[in-house]
Amino acid sequence: MVSHLMKVEVQKRGFEPNGGILRKRLNLPIFNDVSIGQIGLFLLAIVGIVVAPLALSDGYFQQILQTIAYYSIAAIGLNILVGYQGQVSLGHGALFAIGAYASALLTTSLGISVWLAFALSTAIAALAGFLIGLPTLRARGHFLAMVTIALAIVTFVIAQTWTDLTGGPAGLGGIPRPDWFGTTMGSLRKFRPFGADGPILTGQVLYFWVCAGFLVLAQLLAINLLTGNWGRTVSAVRQSEIAAESVGVSVYRVKLATFTLSAAFAGLAGSLFAHQQEYIVSDTFTFEKSVEFLVFVILGGARSLFGPLIGTAVLVVLPEALKTVSAYGILPSSDLTIQVTLLVLALFGSLGLFVFARQGGGIRSLRFVSGVAVVVGLIGFMLVTPQIVEHYLLVYGVLLILFLITMPTGMAGFLSGFFYFGRKTLSKADWQPRFDARLTGEVENPIVAAPSRDELVINDGRMNFGGVKALDGITLVVKPGTVHGLIGPNGSGKSTLVNIVTGVYAPTGGQIRLGGRRIDGLAPFRIARLGIARTFQNIQLFKDLSVLDNVMMGFSKHRSATFFDQALRTRRFAREEHAFRTRALELLEFLEIRHLAHEEAESLPYGFQRLVEIGRALATSPSILLLDEPAAGINSSELGRLARVVERIRDAGVTVLIIEHHMELVMGVSSRITALDYGQKIAEGIPGDVQRNARVIDAYLGSAEHSFAELRRSKMSKTAE
């Protein structure tokens, strides 16, 4: 299923069919390139925020609305980290606590304005997240999860024991609410700004509007970031760090920025919580708070723009509703017939969802009905069974398990799968290359090479893995503006050579220079920024992104729009995004796959995925392009087309080092060829000389008495049989 982020991105950037006034795009700050219909939905949400606390005039319900608002802010931040970036944090309750205590102490001890305390406590939590991530995010795997668990425990212990600062279990009181025209919202009981017959405003109503205002800002910030280049980059890092670095992205910096932003959201939520309660105690900030935030995200739908809001609303309201039902005995006593009916309804709904999941889809309306049946059946059964309702925490846990099993993509994913009616199903013709004038030189070559034309020099390159010498004293010079072939049997060290050139491996010995600059030992993203691009032997695409967005990732090192340009959707960002999107489409047209621009990269046949990877590398405007077995997975009939692509890349001024097993291709496009065997160079020269070299023939065929021509004839005879 296409990720929600990319659906929104495609719609927001104007690739949907023209459909009247509601689809007309506007050029406004923050809402740049947003349709009138989307603006209408936003205004409708604002109206709902204004009306909700007035319609629910009871202070208890208004406080629940406040809780939903600030918990949603924390969940949105955690979703950016966990859902989109893929880092698991189990310590956001600690960052929430840091924001709460910081804001409380700033206002009670230093007398700072509550409005200023909101900003400062957010910054303090962001700084804490930055300092935590600084050493932690250099590690891989689940290291961050372990560190954040420790953070949650340590923060709770400090809050419990440092009583002079936090008050410990006795708590910290006297926390003020914000001022409103000289009167604090906490002390304001009734106010009629529109006359005696107008609505009654109270401190609870006003404070909800404060929390909801911050929620709207947080949601807009998340949408603008996640549906732009920043979100594209975060998603790319989650899917393939090595591929992200190959286009010039610093994975470490992206992770650190994401964790810092997520911490800021948690700190703001904690600050709002402290001023809502006006009294905080250490027992509030246990490890369970971190787990609660994570459940909000997972249940609502990770990698969904509105999933955290949905999950938070459900999980805040549900236990309150269950407590109310239990306390007041609202529902009638148990009835066996009703109980059995509801259980059967839930069972059939669960079976339906399970079958649809195994089949990979199913009819959308039936899937939706199955989901509703599960929810109604289980909740209904529990509500008409007093013995269960009395233990509302048990009900809460059972429902969580139920939702996670029946809706693995969360409630937002379930609903979007029902209401989103997909794209056109591609025919067999769509999976064929579109031949026209593109490769004949009749149209302008879209490839932009780096201005520098430096030679790549490997001097005595060595790479050992324990006692295995993958590369043993390789010396290689790749001249500017040429296609240099690199051949050798499997295990000869070809891909290892590419990896030491691009920084994936630090060579054991020797030197690698680009022009006069030594590059061995540099990080892969720094080498990519110097003008060396690559493809991979095992394809490394960002499979959740569209074909177009994969290619657009190649422009990462050329972007000048800042983080704040993207957050505010400035015209600078919009112009840059449009320019790079146009260039990406030109590259796809050059590769004859423009008609697949909005397909998921993962859904393409293997050969087309190769072309997408080449397009992404070309988008970096490289001076040197390393193609690691580009013909793998491509039909023999398409080899000629690939050869023409390589030649046009060379004609654009890009130096090409091609690693390949298809002799017809590498001999046809290369001006010079180097052959490896067992990590050593065994031959080098023009294609004809290397093809006739006895050591090369022996390495491939096991005997110098044969030739490559005999090998090709053997393959052809087997094909004919």
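This is a predicted model, so every value here is computed, not measured. Position 1 is the first residue of the sequence; numbering continues from there.
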>> What verdict does the side-chain contact (heavy atoms from CB on, under 4.5 Å) test give for R559 and M552, after you've listed the backbone C-alpha separation in whole Å, the side-chain angles of each residue and the deciding distance to 0.1 Å?
In response: CA-CA 11 Å; R559 290 185 177 270; M552 286 190 69; 3.5 Å; yes
>> A quick test of your reading: do over 12 heavy atoms of other residues, nucleotides or ligands sit less than 6.0 Å from OH of Y678?
In response: no
>> Looking at Y606, I'd like to know if its OH atom is crowded, meaning that more than 12 non-hydrogen atoms belonging to other residues, nucleotides or ligands lie closer than 6.0 Å.
In response: yes
For the residue pair [X] and [Y], establish whether any side-chain heavy-atom pair is separated by less than 4.5 Å.
X    : Y    : result
L134 : Y252 : yes
V654 : P622 : yes
L568 : N224 : no
I487 : L676 : no
L497 : L657 : yes
F259 : I80  : no
L545 : Q239 : yes
I614 : P630 : yes

> When you look at S246 and F536, which way does the side-chain contact (heavy atoms from CB on, under 4.5 Å) test go after all the steps?
Replying inline: CA-CA 10 Å; S246 75; F536 294 85; 3.9 Å; yes
With sequence neighbours left out, what residues match [X] under side chain to side chain donor-acceptor pair (under 3.5 Å)?
X    : value
E660 : H662
Q540 : S240
N550 : none
R575 : none

>> As a test of understanding, state which of K494, M463, R534 forms a side chain to side chain contact (heavy atoms under 4.5 Å, CB included) with N499.
In response: R534
If I compare all heavy atoms of [X] with all of [Y], which pair ends up nearest, and what's the gap?
X    : Y    : value
S670 : V666 : OG-O, 2.7 Å
A302 : G83  : CB-CA, 3.9 Å
A617 : A533 : O-CB, 3.7 Å
G248 : A528 : N-CB, 3.6 Å
R583 : S621 : NH2-OG, 3.4 Å
A619 : F555 : O-CD2, 3.2 Å

>> Quick one: does any side-chain atom of T508 pair with a main-chain N or O of N464 as donor and acceptor, under 3.5 Å?
In response: yes
> Is a side-chain N or O of S546 found less than 3.5 angstrom from the main chain of E600, in a donor-acceptor match?
Replying inline: no
How long is the span from the [atom1] atom in [X] to the [atom2] atom in [Y], to the nearest 0.5 Å?
X    : Y    : atom1 : atom2 : result
L596 : L591 : CG    : CG    : 11.0 Å
I658 : L486 : CD1   : CG    : 10.0 Å
L456 : I624 : CG    : CD1   : 4.5 Å
L625 : I532 : CG    : CD1   : 10.5 Å
R610 : I593 : CZ    : CD1   : 13.5 Å
I458 : L514 : CD1   : CG    : 11.0 Å

Could I get the full list of side chain to side chain contact (heavy atoms under 4.5 Å, CB included) partners for [X], not counting sequence neighbours?
X    : value
T260 : A126, F130, L256
V547 : L588, L604, V612
A523 : F525, R526

Set of residues satisfying salt bridge (Lys or Arg N to Asp or Glu O under 4.0 Å) with respect to [X], sequence neighbours excluded:
X    : value
K255 : E241
D677 : none
K557 : none
R572 : D565

> Stepwise, does the salt bridge (Lys or Arg N to Asp or Glu O under 4.0 Å) test hold for R232 with E577?
Replying inline: CA-CA 12 Å; R232 188 185 301 122; E577 187 80 351; 2.7 Å; yes
Run the salt-bridge test on [X] and [Y] with the 4.0 Å N-O cut-off and return the result as yes or no.
X    : Y    : result
E602 : K543 : no
R644 : E592 : no
R616 : E613 : yes

> Could you go step by step and tell me if V457 and I512 meet the side-chain contact (heavy atoms from CB on, under 4.5 Å) rule?
Replying inline: CA-CA 6 Å; V457 179; I512 304 173; over 6 Å; no
> Is there a side-chain contact (heavy atoms from CB on, under 4.5 Å) between N693 and E684 once you walk through the steps?
Replying inline: CA-CA 9 Å; N693 186 282; E684 187 174 68; over 6 Å; no
>> I'd like to know whether the aromatic ring centres of F563 and F573 sit less than 6.0 Å apart in this structure.
In response: no
> Under the 6.0 Å and 45° cation-pi test, does R648 pair with F590?
Replying inline: no
Could you verify whether a donor N or O on one side chain and an acceptor N or O on the other, from [X] and [Y], lie under 3.5 Å apart?
X    : Y    : result
Q85  : T258 : no
N459 : R513 : no
E245 : S250 : no
S235 : R238 : yes

Listing, residues 472-485 side-chain donor-acceptor contacts under 3.5 Å, not counting sequence neighbours, or none:
from : atom 1 : to   : atom 2 : distance (Å)
D472 : OD1    : R462 : NH1    : 2.7
D472 : OD2    : Q680 : NE2    : 3.1
T475 : OG1    : D460 : N      : 3.2
K479 : NZ     : E455 : OE1    : 3.3
T482 : OG1    : K479 : O      : 2.7
H484 : NE2    : T674 : OG1    : 2.8

